[in-house]
Protein chains: 2
Amino acid sequence: MPDTRPSPYFVLFNEIGILHQLSRALLEARLPDGLLSSHFGVLNHLVRVGEGTTPLAIARAFQVPKTTMTHTLSGCVKHGLIEMRPNPEDARSKCIWLTDKGRQVREDMVAAAATGMGDFAEHFPEDKVEALLPALTEMRQFLDKARDEI
Amino acid sequence: MPDTRPSPYFVLFNEIGILHQLSRALLEARLPDGLLSSHFGVLNHLVRVGEGTTPLAIARAFQVPKTTMTHTLSGCVKHGLIEMRPNPEDARSKCIWLTDKGRQVREDMVAAAATGMGDFAEHFPEDKVEALLPALTEMRQFLDKARDEI
DNA sequence: TATATTTAGTGCGATATCGTACAAAAAGGT
DNA sequence: ACCTTTTTGTACGATATCGCACTAAATATA
C-alpha cells in the first residue's frame with residue numbers, strides 16, 4: 001500500500017499554486033480592460049526597484065523565461081505604459097522606462113487592488129503577513145539558486 | 001510624492017507568484033516528456049482526495065476555470081493517466097478515475113519530485129514548513145470565499 | 001405537467017506562456 | 001586582430017489558459 005498522505009512539501013506548493021491562482025483572478029477582476037496581472041507586476045517592479053532596468057533583469061526578478069517577458073513588455077508598450085529605449089551601455093539591450101500614463105495606471109491599479117484588499121487586510125493584519133514573509137522569501141531565494149544548479 | 005514602499009500584501013502575493021513559477025519550473029524539469037505540473041496536480045488530487053470525483057469538483061479544488069480543467073483532464077486522458085466514466089447520479093456529469101498507468105506515473109512523479117526536494121528539505125525541515133501551512137491555508141480559504149462574493 | 005432557471009461539461013477563439021532557434025553585440029582566448 | 005563563446009533580445013511555433021456561448025440534464029417554479 002503506497003503512501004497517500006501527502007508530504008507537507010506537496011501541500012505547501014499546492015497551496016502556493018492555488019493562492020497564486022486566486023490572487024491573480026481577484027486582481028484581474030479589478031483591473032481595467034485588457035490589463036493583466038503580469039502588467040501590474042512589471043509596473044510595480046519598475047516603481048519599486050527603479051526604472052531603466054533591462055528586460056532580462058525583469059525576467060529574472062519574476063523568474064519567468066525571457067521570451068515571456070518580451071511578450072509581457074510588448075503588451076505594456078502596446079498599452080502605452082512603458083517605453084523601451086536603447087541601452088547606452090550595451091547595444092544589444094534595452095532600457096525600460098515608465099510613461100506618464102504608465103505611472104498613472106499603476107497608481108490606479110494600486111488603488112483598485114487596495115480596495116479589494118480591504119477585507120483581506122482585516123482578517124490578516126500587516127504584522128501577521130510580515131511574519132510570513134521571511135520564510136517565503138528564503139524559500140524563493142533558495143529555489144532561485146537551485147534553478148541554476150539543478 | 002506617491003508611495004513607493006510596497007505594502008506587505010503586494011510583497012506577499014509577489015513572492016507567492018514567484019514561488020509558484022519556480023516550483024512549477026523545477027517540477028516540470030523532472031517530469032517525463034509532455035507531463036505538466038497541472039497533470040501531476042490532478043493525479044495527486046485523485047490519490048489524496050479520492051477517485052470518482054467530477055471535473056467541476058477538481059476545478060474548484062484548484063480554483064481554475066472549468067474550461068481549463070476540461071483541457072487539463074483531456075490531456076491526462078490522452079496520456080492514458082485517467083479515464084472518464086459517466087456519472088451514475090447525474091447524466092450531465094462525469095467521474096474521473098485513475099488508470100493503472102496513471103497510478104504508476106503518479107508514483108514515479110512523486111519519487112522524481114522527492115529527489116528534487118531533497119536539498120530543499122534539508123534547508124526547510126518539515127516542521128518549519130508545517131508551521132507555515134495554517135496561515136497559507138487560511139488565506140486560501142478566505143480568498144476562496146471572497147472570489148464568490150466580490 | 002409545463003416552463004424557467006440553474007448546472008455540468010465542452011467547442012471555439014483570443015491571448016499568455018514558453019522552448020527552440022536565431023541575429024547581433026559583447027566578452028574572452030589565441 | 002581573429003575566432004570562439006557568451007549574452008541580449010526577438011521571431012516563431014506549440015501548447016496552456018480562459019472567457020464566451022452553447023447543449024443537455026437537473027432543479028425550481030407556476
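First the proteins, then the strands, lettered A, B, ... as listed; each starts at 1. All figures in this text were calculated on a predicted structure; none of them were measured in a lab.
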Checklist outcome for this item: Residues in residues 84-93 of chain B with a heavy atom under 4.0 Å of DNA chain C, by number, are M84(B), R92(B), S93(B)

[N] [atom2] sits how many Å from [X] [atom1], rounded?
X	N	atom1	atom2	answer
L73(A)	dG9(D)	CG	C1'	10 Å
K66(B)	dC22(D)	NZ	C1'	11 Å
L35(B)	dC18(C)	CG	P	17 Å
M69(A)	dT17(C)	CE	P	9 Å
Q63(A)	dC18(C)	CD	P	11 Å

Checklist outcome for this item: For residues 72-83 of chain B, the side chain to side chain donor-acceptor pair (under 3.5 Å) pairs (sequence neighbours left out) are E83(B)-R85(B)

Checklist entry - Can you list every side chain to side chain donor-acceptor pair (under 3.5 Å) pair that touches residues 90-103 of chain A, not counting sequence neighbours? => result E51(A)-R103(A), N87(A)-S93(A), D90(A)-R92(A)

Checklist entry - Do M139(B) and L22(A) come within less than 4.5 Å of each other through their side chains, counting heavy atoms only? => result no

Checklist entry - Are side-chain heavy atoms of C95(B) and P88(B) found at a separation under 4.5 Å? => result yes

Between [N] and [X], is there an OP1 or OP2 to side-chain N/O distance shorter than 4.0 Å?
X	N	result
T70(A)	dT10(D)	yes
R60(B)	dG9(C)	no
Q21(B)	dT17(C)	no

List in chain and number order the residues that pass ring pair (Phe, Tyr, Trp, His ring centres under 6.0 Å) with [X], two or more places apart in sequence or in another chain; answer none if no residue qualifies.
X	answer
H20(A)	H20(B)
H71(A)	none
F62(B)	H45(B)

Next on the checklist: Using a 4.0 Å heavy-atom cut-off, does T72(B) contact any base of the nucleic acid, only the sugar-phosphate backbone, or nothing at all?
Outcome noted: sugar-phosphate

Checklist entry - Which part of the nucleic acid does S74(A) contact within heavy-atom distance under 4.0 Å: base, sugar-phosphate only, or nothing? => result nothing

Checklist entry - With sequence neighbours left out, what residues match Q104(A) under side chain to side chain donor-acceptor pair (under 3.5 Å)? => result D108(A)

Checklist entry - Where the side chain of T68(B) is defined as all heavy atoms beyond and including C-beta, which of dG19(C), dC18(D), dG9(C) is the nearest nucleotide? => result dC18(D)

Checklist entry - When the nearest nucleotide of DNA chain C is assigned to L56(B) and to R24(B) on a heavy-atom basis, which residue is associated with the more 5' position? => result L56(B)

Next on the checklist: Once salt bridge (Lys or Arg N to Asp or Glu O under 4.0 Å) is applied, what residue pairs with a partner in residues 132-143 of chain B remain, sequence neighbours excluded?
Outcome noted: E15(A)-R140(B), K128(A)-E138(B)

Listed pairs, N/O of protein and of nucleotides 13-15 of chain D, under 3.5 Å:
none

Checklist outcome for this item: Residue pair T67(A)/K78(B) against DNA chain D: nearer the 5' end by closest nucleotide is T67(A)

